[in-house]
Amino acid sequence: MNAQKAVALEDFCKSLGHSFIRFDYTGCGNSEGNMKECTIGKWKKDVLSILDDVSEGPQILVGSSMGGWLMLLVALARPEKIAALVGVAPAADHFVTVFNELPLEEKKSAEEKDEWKLASKYSEEGFYTIPYSFIKEAENHCLLNSPIPITSPIRLIHGMKDEEVPWHVSMQIADRVLSTDVDVILRKHGLHRMSEKDDIKLLVYTIDDLIDKLTTLG
């Protein structure tokens, strides 16, 4: 919740007099818990708890990477609490998709060891160690193989140089959701975290435009 995008968005919302909530999932950042014991389902419950117990009224949810996947799951669970969705490099189904593309030997090894090393340049070790049980649980939350019954406005921003989550995932989401108010914005030189100054500026402009639209409609 202390990442550049979250802090920049809070500053922007404060400048407009809007409320804003940022938080860390269980086992991440400032939150308690063991990350190795967490699951997509557990983190989904974290977001639902914030939405149910902290926020008031319909919200614009902003999710980056895995947060973009959770954003979609929560929108399905609480449609009445959603004003709009903004995803930045949304990683819907990501861990499951990458795991399923592995050679059979690697899958068997991960199952036997109950861990899988997912390569990532954002980890100091060069990879994230993910429990096999995490992958199996995540399969219960996959979205991209069928229509996604979300009807709220959706904005998806994705960098075409993203080496973690391919930009075509955003195109898949746009295709699967039932909403007709969907825009996908691609940045030709954007990376996965979309944390460059111009990336954050685009995110702020996108949300500002959404707020104007929702205010006009409301």
Side-chain angles (χ1 to χ4, degrees), residues 1-13 20 22-25 28-29 40 43 47 60-75 82 84-102 117-128 130 138 141-145 148 150 152-177 179 181-213:
M1 70 178 184
N2 291 319
Q4 288 172 284
K5 295 190 291 290
V7 174
L9 280 185
E10 182 173 48
D11 290 343
F12 165 69
C13 287
F20 182 87
R22 54 188 169 101
F23 66 97
D24 288 323
Y25 307 117
C28 302
I40 295 295
W43 285 328
V47 187
I60 297 176
L61 299 192
V62 183
S64 179
S65 192
M66 186 188 71
W69 185 2
L70 293 167
M71 169 190 82
L72 295 168
L73 293 172
V74 168
I82 306 303
L85 303 176
V86 179
V88 181
D93 301 9
H94 178 61
F95 302 109
V96 177
T97 300
V98 176
F99 185 82
N100 285 341
E101 291 171 351
L102 294 175
K117 289 181 168 52
L118 172 65
S120 174
K121 65 180 183 181
Y122 295 108
S123 168
E124 289 181 12
E125 294 87 5
F127 59 84
Y128 291 114
I130 299 174
H141 306 286
C142 287
L143 296 169
L144 298 179
N145 292 325
I148 305 172
I150 295 174
S152 55
I154 301 174
R155 303 292 179 264
L156 305 172
I157 305 172
H158 218 126
M160 296 179 76
K161 299 285 189 194
D162 190 335
E163 296 177 359
E164 305 282 317
V165 181
W167 57 265
H168 68 72
V169 172
S170 279
M171 306 302 288
Q172 285 181 278
I173 294 169
D175 183 55
R176 297 287 190 272
V177 294
S179 174
D181 185 358
V182 181
D183 290 338
V184 179
I185 304 162
L186 299 177
R187 286 189 65 78
K188 188 170 184 178
H189 298 291
L191 301 175
H192 179 62
R193 289 196 169 173
M194 296 288 286
S195 292
E196 296 298 320
K197 188 176 180 181
D198 284 345
D199 297 333
I200 293 173
K201 198 179 290 185
L202 173 62
L203 176 59
V204 168
Y205 287 163
T206 301
I207 292 171
D208 190 23
D209 184 60
L210 258 181
I211 290 172
D212 281 347
K213 179 172 185 173

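Numbering starts at 1 and runs along the sequence shown. Since we're looking at a predicted model, the values are computed, not measured.
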- Can you check whether I185 reaches L156 side chain to side chain, under 4.5 Å on heavy atoms? no
Quiz item: With side chains defined as the heavy atoms from C-beta onward, is the minimum distance between D199 and R193 less than 4.5 Å?
Solution: no
Between V184 and A174 the two heavy atoms that sit nearest each other are CG2-CB, 3.6 Å
Open item on the list: I'd like to know whether I40 forms a side-chain contact (heavy atoms from CB on, under 4.5 Å) with L73, so could you lay out the CA-CA distance, the side-chain angles of the two residues, the decisive distance to 0.1 Å, and finally the verdict.
Closed with: CA-CA 10 Å; I40 295 295; L73 293 172; 3.7 Å; yes
Closest non-hydrogen atoms of S195 and Q4, given as atom of the first, atom of the second and distance, are CB-OE1, 3.4 Å
| said: Under the criterion side-chain contact (heavy atoms from CB on, under 4.5 Å), I'd like the reasoning laid out for S64 against K5: C-alpha separation, chi angles, the key distance, then a yes or no. | reply: CA-CA 9 Å; S64 179; K5 295 190 291 290; 3.4 Å; yes
In terms of heavy-atom contacts, C13 and F20 come closest through SG-CD1, 3.6 Å
| message | Could you check whether any side-chain heavy atom of F99 comes within less than 4.5 Å of a side-chain heavy atom of L118, counting everything from C-beta outward? | response | no
Chi angles and distances behind the side-chain contact (heavy atoms from CB on, under 4.5 Å) call for F23, V47
CA-CA 9 Å; F23 66 97; V47 187; 4.0 Å; yes
Between H94 and W69 the two heavy atoms that sit nearest each other are N-CZ3, 4.0 Å
Answer yes or no: is there a side-chain heavy-atom contact under 4.5 Å between I150 and S152? yes
With sequence neighbours left out, the residues meeting side chain to side chain contact (heavy atoms under 4.5 Å, CB included) with E124 are none
Those residues at least two apart in sequence (or on a different chain) that pass salt bridge (charged side-chain N to carboxylate O under 4.0 Å, His left out) with E196 are none
Closest non-hydrogen atoms of M71 and V86, given as atom of the first, atom of the second and distance, are SD-O, 3.3 Å
Any side-chain heavy-atom pair of K117 and Y128 under 4.5 Å
no
Output for pair (L144 CG, R176 CZ), nearest 0.5 Å, gives 6.5 Å
Distance-only donor-acceptor pairs under 3.5 Å for side chains of residues 165-173, two or more places apart:
residue: S170; atom: OG; partner: H158; partner atom: ND1; Å: 2.7

Between R22 and V7, the two heavy atoms sitting closest are NH1-CG2, 4.0 Å
D183 meets the salt bridge (charged side-chain N to carboxylate O under 4.0 Å, His left out) criterion, sequence neighbours left out, with R155
_So that I can tick it off, tell me whether D181 and K213 are bridged by a salt bridge, with the cut-off set at under 4.0 angstrom between side-chain N and carboxylate O._
yes
Here the salt bridge (charged side-chain N to carboxylate O under 4.0 Å, His left out) pairs for residues 156-175, sequence neighbours left out, are K121-E163
Do any side-chain atoms of residues 205-212 form donor-acceptor pairs under 3.5 angstrom with protein atoms, and if so which ones, sequence neighbours left out?
residue: T206; atom: OG1; partner: L202; partner atom: O; Å: 2.7

* Pairwise side-chain contact, L85 with I82, heavy-atom cut-off 4.5 Å (strictly under) -> yes
Output for pair (I148 CD1, L143 CG), nearest 0.5 Å, gives 5.0 Å
